[in-house]
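Let me begin by presenting the structure, written as structure tokens, before commenting on it.
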Amino acid sequence: MASRHEDTSVSGLSLHELLQAGWDVQKMVEKGELTGSSENFQLKLLTAIQQLEEATRLVNKLGLFSTNEEIEEVSTVDMKYMLLPALLGDLVIQLMEGERLDTLHRTQIYFIDYLQRCKDYGVTKENPPTLVEASLDGSIVHSSQKKNQLKTMQQLSAERQRKIDLLKAQKETEKKLQHLTQLIQSSDSSYHCDDETIREHTMTLLKLWIYKSHDQLNSIGQEIELLEGMKQVKQDLSGGAVTSGTSRPPIKPFVITKDMLKGQVFGAGYPSLPLMSVEEFYDQRYQQQSQEQPSSGDTKEIDKSDEEEESEETLRRDREFDDFKDDNRRGWGNRKNMG
């Protein structure tokens with residue numbers, strides 16, 4: 001069985017070396033030793049992904065796994081190669097190049113493939129989520145995402161309790177894995193450690209990545225939903241702009257030709273042609289004003305008639321006031337308590 005792992009890839013590395021090289025980069029990213037700000041981060045990431053993909057091709061070529069087997073039938077040495085899809089998904093999701101939605105869909109496939117493999121071998125009893133075609137353009141969404149559906153308080157409470165239980169189980173698995181890792185490292189080499197301990201260590205590692213895969217799929221589903229929503233909003237805005245543009249009445253095209261401009265300037269179609277010279281205009285205006293002004297004699301007669309009208313009005317008012325005083329003597333209006 002061990003001789004199969006000595007098959008080399010195109011790069012000249014064995015199956016074990018390919019897995020270990022990619023796995024080392026994944027551990028560095030997980031521990032924060034290799035981040036997006038690190039030098040040549042994307043290059044190291046792509047190299048590790050290529051190494052794990054090459055290891056996957058060798059595993060398929062050697063036929064290490066089959067859906068007709070149980071986990072007990074898989075050798076301890078071969079069990080760790082079941083992690084290849086999970087490790088690939090954990091590295092691919094870190095990529096910053098290309099379309100983000102395509103990267104997320106690709107990562108989904110890796111994690112679901114890993115969960116399906118664990119289900120086939122009986123490592124877990126839970127069925128993995130499936131991918132479904134959500135639209136005609138082939139965009140893929142998680143089948144557990146229920147859009148436009150309101151959940152009851154009981155459902156929300158059950159989901160919350162399930163997440164708490166999964167988190168507790170993941171913490172316990174991590175503690176167990178740490179303990180088994182210390183046992184293996186305390187020996188001079190893994191060959192001095194018994195096969196049962198190494199097998200239990202690998203099985204615990206498989207279970208831990210089951211929890212991580214579910215957690216990653218949940219986060220990926222939320223990110224895909226957000227990106228799809230933003231994409232739909234952009235499409236609606238662009239479609240609305242086109243609709244509003246087409247609803248406007250069509251603008252009548254017009255063409256300005258040299259003949260048209262010439263006609264407007266030199267007479268044909270010009271809005272206001274001159275009918276008289278400036279001197280003729282002022283002479284005509286002066287005559288109109290002189291005809292409208294009254295003569296001096298007429299002005300004197302008008303002033304005299306106005307004065308006569310004013311004097312007659314004043315005389316009339318004085319007579320009316322005298323008559324009022326005769327009829328209403330001084331003090332007649334204040335005769336209270338005077339008998």
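Met28 and Val92 fall within a single hydrophobic cluster, where Ile, Leu, Val, Met, Phe, Trp and Tyr side chains are chained together by heavy-atom contacts under 4.5 Å. Residue Tyr211 is not grouped with residue Phe111 when hydrophobic side chains (ILVMFWY) are merged at heavy-atom distances under 4.5 angstrom, including chains of intermediate members. There is no path of hydrophobic side-chain contacts, each under 4.5 Å, that joins Leu206 to Leu166. When the side chains of ILVMFWY residues are joined at heavy-atom separations under 4.5 Å, either directly or via intervening members, Leu208 and Leu167 end up in two distinct hydrophobic clusters.
Counting heavy atoms from C-beta on, the side chains of Phe65 and Asp120 never come closer than 4.5 Å. Side-chain contact check for Glu228 versus Gln232: every heavy-atom pair is 4.5 Å or farther apart. Two residues are said to be in side-chain contact when any heavy atoms from C-beta on lie closer than 4.5 Å; Trp209 and Asp90 meet this criterion. Inter-residue side-chain proximity for Gln108 and Ile224 is flagged as met; some heavy-atom pair is nearer than 4.5 Å. Between Ile164 and Arg160, the closest side-chain pair of non-hydrogen atoms falls below 4.5 Å. Between His214 and Leu115, some side-chain heavy-atom pair lies under the 4.5 Å cut-off.
Salt bridge status for Arg316 with Glu313: present, with a side-chain N to carboxylate O gap under 4.0 Å.
Residues Arg199 and Ser75 share a closest heavy-atom pair of NH1-C, 3.6 Å. Between Ala55 and Leu19, the shortest heavy-atom distance links the atoms CB-N, 4.4 Å. In this structure, Leu205 and Tyr114 approach most closely via the heavy-atom pair O-OH, 4.4 Å. Closest approach of Pro128 and Ile112 over heavy atoms only: CB-O, 4.3 Å. When all heavy atoms of Gln51 and Leu18 are compared, the closest pair comes out as O-CB, 3.8 Å. For the residue pair Phe41 and Thr35, the shortest heavy atom distance occurs at CD1-O, 2.9 Å.
From Glu200, atom CD reaches atom OG1 of Thr197 across 7.0 Å, with rounding to the nearest 0.5 Å. The CD atom of Gln94 lies 9.0 Å from the CD atom of Gln42; values are rounded to the nearest 0.5 Å. Distance NE2/His201 to CD1/Ile184: 4.5 Å, rounded to 0.5 Å. One finds the CD atom of Glu225 at 10.5 Å from the CG atom of Leu227 (value rounded to the nearest 0.5 Å). Note that CG of Leu315 and CD of Glu320 are 10.0 Å apart. Values are rounded to the nearest 0.5 Å. Annotation: the span from Thr181 atom OG1 to Lys176 atom NZ amounts to 12.0 Å, rounded to 0.5 Å.
Between Thr56 and the options Leu15, Asp113, Leu88, a side-chain contact (heavy atoms from CB on, under 4.5 Å) holds for only Leu88. Each of Arg162, Lys207, Lys119 was evaluated against Glu126; a single residue qualifies, Arg162, per the salt bridge (charged side-chain N to carboxylate O under 4.0 Å, His left out) test.
Few gaps surround CD on Glu99; more than 12 heavy atoms of other groups in view lie less than 6.0 Å from it. Other residues, nucleotides and ligands contribute more than 12 heavy atoms inside 6.0 Å of the NZ atom of Lys80.
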Q: Would you check, one step at a time, whether the test side-chain contact (heavy atoms from CB on, under 4.5 Å) holds for Leu183 with Leu180?
A: CA-CA 5 Å; Leu183 287 178; Leu180 293 172; 4.3 Å; yes

Q: Could you check Met79 against Ile71 for side-chain contact (heavy atoms from CB on, under 4.5 Å), going step by step and ending with a plain yes or no?
A: CA-CA 8 Å; Met79 283 178 61; Ile71 192 64; 4.3 Å; yes

Q.
Using side-chain contact (heavy atoms from CB on, under 4.5 Å), reason through Gln26 and Leu52 one step at a time and then give a plain yes or no.
A. CA-CA 11 Å; Gln26 186 275 328; Leu52 294 178; 5.9 Å; no

Q.
Leu95 vs Leu45, test: side-chain contact (heavy atoms from CB on, under 4.5 Å). Steps then yes/no.
A. CA-CA 7 Å; Leu95 290 175; Leu45 209 61; 3.8 Å; yes

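The salt bridge (charged side-chain N to carboxylate O under 4.0 Å, His left out) contacts involving residues 21-41 comprise Glu30-Lys212, where partners must be two or more places apart or lie in separate chains.
Residues passing the side-chain hydrogen bond (donor to acceptor under 3.5 Å, both in side chains) test with Ser219, sequence neighbours excluded: none.
Counting only distance, with no hydrogens or angles, the side chain of His105 and the backbone of Leu101 share a donor-acceptor pair below 3.5 Å. The closest donor-acceptor contact from the side chain of Tyr121 to the backbone of Asn68 lies at 3.5 Å or more, if one exists at all.
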